[in-house]
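Sharing a structure, written as structure tokens. Questions coming.
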Amino acid sequence: MIYSLYIINKAGGLVYQKDFNDGLAKLSSNEYLVLAGTFHGVHAITSKISPLPNSSGIEILEAENFKLHCFQSLTGTKFLLITDLPHPNVEQALRRIYDIYGDFVMKNPFHTPEMPIRSEMFDLNLQKLIKNVGSG
Amino acid sequence: MDFGHVQINDPNAPAPNQRLSAASSAADSRYTRGKSTLERSLNKTKGAEVSLSAFAFMFSEMLQYAQKRVQGIQDLERKLNEFGYRVGIRMLELLVWRDKNSKRETRVLSVLYFVHTVVWKNLFGKPADSLEKSTENDDECEWLWCGAISKVTWKWGHMVRFDMISDNDPLVSRYISVPKELSQLNCNAFVAGIVEAVLDGCQFYNQQILTPFTPFPLSTPLPSPQPARVTAHTVPIDGFPFRTTILIKLDREILQREELLKP
């Protein structure tokens, strides 16, 4: 089951947040921003403290009842997907989300890069994807 | 600490410099292998398609460029229409050139059919989804019903004709989400401009204004011939929320000519 998606721009600002399940605890919008900024910092630190050079930052964070997957694009945009523990093929789902982001956010002339995402088509296609992947 | 710098997530991915070299060698082979676009045969259509992503990015930039230079939605649509016009006028020439036994279409129906099939196929890879005649009337006051374009009153005291070409999933605006404050905007005004240019190129415009002896002094610019007016409207139907109708208004002169051409 997929719980929610966060998209963090390369400066650590939250540009998109969506919950896909009812009954998740809601945070205030400020708390969401703090969460995104904090993760961004932790991600940077983890990549710095790695004993091997050129290491990526944090990719999976596992807790007792959720798993957080992070996918960072080449431009530094981070996609965080929060799922339940047994969810399969998250990597693939994140790639698909990145595809949809590339299509319906970056090719949309009304979107300003690094700004919050307000795109109807992105929402629509994301919903479709989550429906396919989330139930499986 | 630098939080803004870019990292590659996948440790198996090639290092950035390797990628670059791979890309440039691919580009090199392209230049050495084949001819540039300008040297290719105009009649060769296979393999000459443009990537949809590349087009989408360019169209996005065009829209942003236009948006900085206009006031209001109508102005923006007019600008897009102008962009399309420049494409359409070249498209017509190219298509007529490619067609072995080409001729200039003179009848309304045949030129519209040409737009619906040949032009659409070459631009979007498939014919448009429908071609309909909407109305033809010489009434003082005419009620037009056309899906989402609610009822509109036209008060030209002469004969006009409306035709509609519809596309269920227009390629141009496939990746575009128009924000709420611009909800009136239809980016297919660009396509409308292309259609307008094709009609214009086939001499479907108001000919009366083209008389050689004008009463204007030379310093004032001559009135340009009035092209067939073409506009784009979103007309959603079941299953196709982005269906777009290109509405073509043909004026009296053309209809009169059509009458004369009737066998």
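Residue numbers begin at 1 in each chain, while the letters A, B, ... track the order of the sequences. Note that the structure is predicted; figures quoted are calculated from it, not measured.
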Which of V105(A), L124(A), N108(A) touches chain B most, by non-hydrogen pairs under 4.5 Å
N108(A)
Heavy-atom side-chain proximity of E181(B) to F110(A) below 4.5 angstrom:
no
Tell me if the NZ atom of K126(B) is crowded by more than 12 foreign heavy atoms within 6.0 Å.
yes
So for atom CD, which belongs to E132(B), do other residues, nucleotides or ligands contribute more than 12 heavy atoms lying within a distance under 6.0 Å?
yes
Pick one of side chain, backbone, both or neither for Q67(B), based on which atoms fall under 4.5 Å of a heavy atom in chain A.
side chain
Within 6.0 angstrom of E114(A) CD, more than 12 heavy atoms from elsewhere
yes
With a 4.5 angstrom heavy-atom cut-off, which part of L52(B) approaches chain A: side chain, backbone, both or neither?
neither
Closest non-hydrogen atom pair between M121(A) and F242(B), with its separation:
SD-CZ, 3.2 Å
Residue R86(B) excluded, over 12 heavy atoms near CZ under 6.0 Å
no
Heavy-atom closest pair (P109(A) atom, S60(B) atom, distance to 0.1 Å) is CA-OG, 3.4 Å
CD of E120(A): more than 12 outside heavy atoms within 6.0 angstrom?
no
Does CZ belonging to R118(A) count more than 12 external heavy atoms closer than 6.0 Å?
no
Counting C-beta onward and ignoring hydrogens, is there a side-chain heavy-atom pair between F57(B) and K107(A) closer than 4.5 Å?
yes
